[in-house]
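Heads up: the structure comes next, in structure tokens.
Side chains are part of it too, since the values below use all heavy atoms of this structure and drop only hydrogens, waters and symmetry mates.
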Amino acid sequence: MDKRKLLHGDWQGATSWVVILALVIIVFSFINPRFASIENLRNVLVQASVPLMLVVGATLVILMGSIDLSVQGIMGAAGMVWILMSPNARGGIDYGAWAWVVATGIGLILGLLSGVIHTLFRVPSFVVTLGTWNVGVGLATILYGDSLLPSLTSEALSQWPTRLTLGLPNSFWLASIVVLAGILLIGFTQLGRGILAIGNNEPLAVVNGVPVIPIKIAAFGIAGLLSGFAGILATMQLGSGAPGVGAGQLFTVIPAAVIAGTALSGGEGGMVRSALGVFLLILLNNGLVLAGVDPNYQSGVFGAILVIAIVAVDWPQRDRLRVAK
Amino acid sequence: MLNLDQIAGSPALSANTARKWMGTAATALVVCLGAPTTASAQAKTPIAKENMVLVASVINTTNPYMISNIEGAKALSAKLGIPLEIVNSNGSSQTEISKIQAILAGGKTVIMFVNTVASSDAPTIVDAVKQAKGYVTIWWNNPAEHSPKDVGDNFVAYQKIPGVLSGRCGADAIGNALGGKGNVVMLPGVQDSTTSKTRVAGFTAQLKEKFPDIKILESRPSNWDPQLGNRNAKDLIVKYGDKINGVWSADDGMQIGAMQAFENAGLLNKVKFASDGLYPETLADLKSGRGDKAIVGETFHRGYMASAVGLYTAYLTATGKITPSELPKEKRESLFELSCVTPDNYQQYTKYDEPDAAAKFVDAMIEKGPWDTSPMKLIGAGPEEMPK
């Protein structure tokens, strides 16, 4: 498949989402001018950074037509490992950069494990990653034990995600690098092409000599690594470690990828669209709070706006398909 | 195995006839074996310790309060010499109920404390325990109309710490710290949880009655989740900026998340916080005066006290030392004491977090009974009245 065409497709699908996002921003800014303030922009960027990192891994896996449910478990395990190896209220040794290496390494190993079991033992990814999710939570729970809440004692670390570099929060820079790497990986590497080929038609990919098994294992490995990374970032943002640090992320990330057009059946979609999906969900939540929508109505209003947005974006697409027929 | 339907399945045999046959057969069997012939004689037979099992069911095993619940159950188990099983519900009512049913199927007399995931779980659990002839005390969440006295002695008691009082403590602390003037935001827990509702009602009522010049800017339910508390606090900071003078959270978990958000926004020195639970980290912040003495009020109660009292009440019933149906109302639907903690009096409570505190509490409780052990004495009868 022509990679330029693929990339182009991702951006093209993204344009209508950019319009929807702009509309959301304009409407919420009218309701509360603070919505469009620099302060809120930074706030949204900080909040989006964890799901942005996760959505890259999730998209890689979904593009192959698989699914990765282990996100929250890996986040919990990696976050706990990281904080216990960093300066925290429980004491212990500060391992500095090794804390990052070991924590993301655990994410990588759990991800690779999912990939190996999924491919070599031919177990559906849904089932395997449900298992690794629980393994992650179990690991985090054991590490948490029953002693004091491990809170970060280093102010430099706990404030790092919200500190600004060139006007934007550090956590967002980190997430941007990950998203950019994801875009490049899909558009310009053999691994990316292989992932799309598997998602489009796996038997055909096998016949054409695409190394399906190594590619699948690598994609799950990367997703695990990124979940680990996101677990560290979430722990830093919270300022303390908790096995449930990833709570709710799975149902932000997978819908974000899917509503923005990454097909669960694989082969269609891309990083840019998934990232825009994340922004839509985060902006909606943030906007509803700033607009002062009663908490009793927030879920309902959130769902309604989301449905309207999806219908609006897909409408022209639907029309074209009808003409083509 | 013979069952009634199989016998009654014969067209020549009615169900009534079958029942009569079985009744006669059972009586004959009992007489032959020389077993006690009256039901009351059977009920009064003391249950041997080796036939009992203590069960503590908690919502998860990572929240400090739940960990403390487990600690109390362990201390009582060690003291009484009865084995203990922990049920981790993982936040799911389904998991909770199925694990409890599995334990009930084990055949031993179950003495149970349940910190229910949701109020609606309580009737199902109580019914299952009753069928298995066990004894259960429900803590925190139970539907208002599901009263122990209507179920019988197997539902020993419904016990809780009044949420309204907790909310009032927080309002007093923030109100006094702000000198009766200013703006606050609220972070309730899961919106439809009884515990959160009562705490919110107490907080808002106390502000209205005692500090009418303090305005509640907004209330954002944060589901007892530190991350959500953190996120909501970030949004509220953007929305109101330095207009916020105080933050009240329905528990310390959410407060921990909220304080981090205010610290990152450089506002921790200007805002006062009050919450419920006095978690160890909160106690450390209170001691160190984090921010400009940001935490002004807390409430004190410990999970180990709740589980020990709950289990012990059920144990006393199982061993025939108390008969719930003969107890006064406040001992079946019980409200226990809650202490308001301030930066001036927190020292009184640190002893309850010593490593042997749970064991000491259990010793004192066994000496004085489940309703008279400091600092969690019985203070009244439920259901809790909401302020008008």
Does [X], at its [atom1] atom, have more than 12 non-hydrogen atoms belonging to other residues, nucleotides or ligands within less than 6.0 Å?
X: W160(A); atom1: CH2; result: yes
X: N269(B); atom1: CG; result: yes
X: K99(B); atom1: NZ; result: yes

Answer with side chain, backbone, both or neither: which region of [X] has an atom nearer than 4.5 Å to a non-hydrogen atom of chain B?
X: N286(A); answer: both
X: N43(A); answer: side chain
X: L288(A); answer: backbone
X: T162(A); answer: side chain

Atom of [X], atom of [Y] and distance for their closest heavy-atom approach:
X: V289(A); Y: L236(B); answer: CG1-CD2, 4.3 Å
X: Q159(A); Y: N264(B); answer: CG-OD1, 3.4 Å
X: K234(B); Y: V46(A); answer: NZ-CG1, 3.6 Å

Pair up each side-chain donor or acceptor in residues 239-249 of chain A with any protein partner under 3.5 Å, not counting sequence neighbours, and list the distances.
none

Which region of [X], side chain (C-beta onward) or backbone (N, CA, C, O), has a non-hydrogen atom less than 4.5 Å from a non-hydrogen atom of chain A, or is it both or neither?
X: E263(B); answer: both
X: S219(B); answer: backbone
X: Y240(B); answer: backbone
X: L228(B); answer: neither
X: N230(B); answer: side chain

Side-chain donor-acceptor contact under 3.5 Å, Q237(A) with R231(B):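 Checked: Q237(A)/R231(B) side chains show no N/O donor-acceptor pair below 3.5 Å.
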
Pairwise distance CG(D235(B)) to CG(N285(A)) - rounded to 0.5 angstrom: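 So the gap between those two atoms works out to 8.0 Å.
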
From CZ (R290(B)) to OG (S151(A)), nearest 0.5 Å: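 Here the rounded value is 7.5 Å.
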
Beyond-backbone contact of L238(A) with Q260(B), side-chain heavy atoms, under 4.5 angstrom: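 Counting from C-beta outward, L238(A) and Q260(B) never come under 4.5 Å.
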
Validation row: Y144(A), T61(B) side chains within 4.5 angstrom (heavy atoms):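 With C-beta onward as the side chain, the pair stays apart.
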
Worked verdict on V238(B) versus F35(A) for side-chain contact (heavy atoms from CB on, under 4.5 Å): CA-CA 8 Å; V238(B) 169; F35(A) 182 82; over 6 Å; no

Between M66(B), R220(B), E71(B), E218(B), the one whose heavy-atom pairs under 4.5 Å with chain A are most numerous: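 Ranked by contacts with chain A, first place is R220(B).
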
Pairs of heavy atoms under 4.5 Å with chain B: top-ranked of R42(A), Q47(A), R163(A):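 Between R42(A), Q47(A), R163(A), the count favours Q47(A).
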
